[in-house]
Participant: 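Here it is, the structure, as C-alpha cells.
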Protein chains: 2
Amino acid sequence: MELKIGALGRATDTNVETIRYYERIGLLSKPPRTGGNYRAYGAPDLNRLSFIRRARDLGFSLDQVRALLELSDDKARDCATVDELARDHLAEVERKIADLEALKAALSDLIASCCGGTVADCRILEALAPSTTSPAA
Amino acid sequence: MELKIGALGRATDTNVETIRYYERIGLLSKPPRTGGNYRAYGAPDLNRLSFIRRARDLGFSLDQVRALLELSDDKARDCATVDELARDHLAEVERKIADLEALKAALSDLIASCCGGTVADCRILEALAPSTTSPAA
DNA sequence: TCTTGACCCTGTAGCAGCTACAGGGTGCAT
DNA sequence: ATGCACCCTGTAGCTGCTACAGGGTCAAGA
Ligand SMILES: [Zn+2]
Ligand SMILES: [Zn+2]
Ligand SMILES: [Zn+2]
Ligand SMILES: [Zn+2]
C-alpha cells in the first residue's frame, strides 16, 4: 500500500502543498522516493497525518500537535502531560471566546445606535472618530 | 503642533514600527519631513490614527478600516454602507464565536473522558488517532 | 568641544500556517 | 508522438504586525 502525495492528500483531506509544508517543518518525516523521485507514503504516514489533521481541527497549534505526537509515542508514560496540554488549549479557546463576546457586545451597541441618516451624523463613525474633533470654526 | 513619530505613538498607544507599517501600506499618508528627515505629524494624522486604532480594537481588518476611512470622508453619503460593513463584521465575529464554542465543546468532552492512566490508554490521544489503528497482530 | 543618550531613519527578515505560483520532470494512454 | 494528470523544487505571497541591523540627528551635560 503505497500512496503518492496526491492520494495521501485525498485520503486525509489535506492539500498536497500542506503535506510538503509539514515535511519541511519536520512534522512529517521525509518518506522514501520512487524511481521517478515521487514521495511514497505508507500506512504509518497516513495515520500520523490523520492524527495531525484531527488535532488541527480541534484548534491545537502545530507546536502543540508536535508535542502530542511525541507524547503519544511514549506509551508507558502517565497521560497527565497530555491532559495539561489539552486543558491549556481549552483555556485558550475560552479566552478567545470571552474576547470575542466583548467585541460582539461593543459592535452590537454601535450598530444599534445608528439611526440611518448620512455619513455626517453616523453614530458608528462618530464612535470611532476622536472625541470632539470639530474645531469651533 | 508637530509630532514626531514617537510622540504620535505615545498619543495613540501605537508602536512606532506599526505607524511606519501603516504608512508603508498606505493607510496613513506620508507626512512632511523635518530638516533632519524626521516625520512631522499634525492633528489630522493624530485623528486618523486614533480612528484606525479604535476600529482595530473593534476587530475590523485593515481593509475594512481603509473602507471605513474612505466612507467617512464622504459626509453627504447615506450611511448604509457603513452599517453594512459593521454588520458584516459582527456576523464574522459571531461565526468565530460559534466555531470556538463547537471547539470548546469537543475539547471539553475529550478532556472529561480521560481517566488519568497511561498514555497507552489515554482517551484524548485515542480520539485523535485514526480509528482501529492496531493491526490484528 | 566632545560625548553621551534618546530619539529618528531605511531596509530586511521573522512570526503562524498555510497557499500559490513558475518552471521543470514522470508516467500512462491514445 | 503527444497529451494529460500528476509529481518535483524553490520561492514568494497572505495578515498584521514586530524586531532587528546599521546607520543619522539633536539637545544636554562635562
Ligand atoms: Zn445607519
Ligand atoms: Zn450610520
Ligand atoms: Zn488523563
Ligand atoms: Zn489521558
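In what follows, chains carry the letters A, B, and so on, assigned in the order in which the sequence lines appear, proteins first and then strands, with residues in each chain numbered from 1. We use all heavy atoms of the structure for the numbers below, so side chains are in, but hydrogens, waters and symmetry mates are not.
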Participant: Quickly, which of Val16(A), Ile19(A), Thr14(A) forms a side-chain contact (heavy atoms from CB on, under 4.5 Å) with Leu8(A)? Name it, please.
Facilitator: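 Only one option passes, and that is Ile19(A).
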
Participant: Checking Asp74(A) now: which residues fulfil salt bridge (charged side-chain N to carboxylate O under 4.0 Å, His left out) with it, not counting sequence neighbours?
Facilitator: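 Partners of Asp74(A) under the salt bridge (charged side-chain N to carboxylate O under 4.0 Å, His left out) test: Arg77(A).
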
Participant: Quick one: Leu49(A) CG to dG17(C) P, roughly how many Å, whole number?
Facilitator: 15 Å

Participant: Just to verify, what does Ala40(A) make a side-chain contact (heavy atoms from CB on, under 4.5 Å) with, not counting sequence neighbours?
Facilitator: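 Ala40(A) satisfies side-chain contact (heavy atoms from CB on, under 4.5 Å) with Glu2(A), Thr34(A) once adjacent residues are dropped.
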
Participant: Do Ile97(B) and Leu100(B) have side-chain heavy atoms sitting under 4.5 Å apart?
Facilitator: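 No, too far: nothing below the 4.5 Å cut-off.
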
Participant: First contact, last contact: which nucleotides of DNA chain D are these for chain B, 5' to 3', heavy-atom distance under 4.0 Å?
Facilitator: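 In short, chain B contacts DNA chain D from dG16(D) to dC26(D).
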
Participant: Under the side-chain hydrogen bond (donor to acceptor under 3.5 Å, both in side chains) rule, what pairs show up with a residue in residues 93-111 of chain B, not counting sequence neighbours?
Facilitator: none

Participant: Could you write out each protein N or O paired with an N or O of nucleotides 28-30 of chain C at a distance under 3.5 Å?
Facilitator:
none

Participant: On DNA chain D, nearest-nucleotide positions of Lys4(A) versus Thr18(B): which is more 5'?
Facilitator: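 Here Lys4(A) is the residue nearer the 5' end.
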
Participant: Check whether Arg123(B) reaches the backbone of Leu110(B) with its side chain - one donor and one acceptor, N or O, closer than 3.5 Å.
Facilitator: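 The answer is no, because no donor-acceptor pair under 3.5 Å joins these two groups.
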
Participant: Kindly state which residues belonging to residues 50-73 of chain B come within less than 4.0 angstrom of DNA chain C, counting heavy atoms of the residue only, listed by number.
Facilitator: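 Hits under 4.0 Å, by residue number: none.
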
Participant: Heavy atoms, side chains only, cut-off 4.5 Å: are Leu69(B) and Leu27(B) in contact?
Facilitator: yes

Participant: With sequence neighbours left out, write down each residue that passes salt bridge (charged side-chain N to carboxylate O under 4.0 Å, His left out) with Arg10(B), or none if nothing qualifies.
Facilitator: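 With sequence neighbours excluded, Arg10(B) shows a salt bridge (charged side-chain N to carboxylate O under 4.0 Å, His left out) to no residue whatsoever.
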
Participant: In whole Å, what is the span from the CD atom of Glu92(A) to the P atom of dA16(C)?
Facilitator: 13 Å

Participant: Not counting sequence neighbours, list each pair that qualifies as a ring pair (Phe, Tyr, Trp, His ring centres under 6.0 Å) and has a residue in residues 64-107 of chain A.
Facilitator: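 Passing the test, one end in residues 64-107 of chain A: Phe60(A)-His89(A).
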
Participant: Measure from OH on Tyr21(B) to C1' on dA13(C) and round the result to the nearest Å.
Facilitator: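 About 14 Å, once rounded to whole Å.
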
Participant: Report the distance from atom CG of Leu3(B) to atom P of dC7(C), rounded to the nearest whole Å.
Facilitator: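 Rounded to the whole Å, the gap is 14 Å.
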
Participant: State the CG-CG distance between Leu125(B) and Leu68(A), to the nearest 0.5 angstrom.
Facilitator: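 These two atoms lie 6.5 Å from each other.
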
Participant: Find out if a path of hydrophobic residues (ILVMFWY) with successive side-chain heavy-atom gaps under 4.5 Å connects Leu46(A) to Tyr38(A).
Facilitator: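 Not linked; separate clusters.
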
Participant: Kindly indicate, with the supporting measurements, whether the criterion side chain to side chain contact (heavy atoms under 4.5 Å, CB included) is fulfilled by Glu17(A) and Arg20(A).
Facilitator: CA-CA 5 Å; Glu17(A) 320 262 25; Arg20(A) 283 195 279 252; 3.9 Å; yes

Participant: Could you note down all residue pairs passing side-chain hydrogen bond (donor to acceptor under 3.5 Å, both in side chains) where residues 21-33 of chain A supplies at least one of them, sequence neighbours left out?
Facilitator: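 Residue pairs with at least one partner in residues 21-33 of chain A: Glu23(A)-Arg39(A), Arg33(A)-Asn37(A).
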
Participant: Taking Leu28(B)'s backbone N and O only, do any of them form a donor-acceptor pair with Arg48(B)'s side chain (distance below 3.5 Å, no angle check)?
Facilitator: no

Participant: Using five base pairs at each end, measure the axis-to-axis angle across the helix from dT1(C)-dA30(D) to dT30(C)-dA1(D) and round it to 10 degrees.
Facilitator: 40°

Participant: Residues of residues 31-39 of chain B with any non-hydrogen atom less than 4.0 angstrom from an atom of DNA chain C: list those, numerically ordered, please.
Facilitator: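 DNA chain C contact set from residues 31-39 of chain B: Arg33(B), Asn37(B), Tyr38(B), Arg39(B).
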
Participant: Run the salt bridge (charged side-chain N to carboxylate O under 4.0 Å, His left out) test against Asp63(A) and tell me which residues pass, sequence neighbours left out.
Facilitator: Arg66(A)

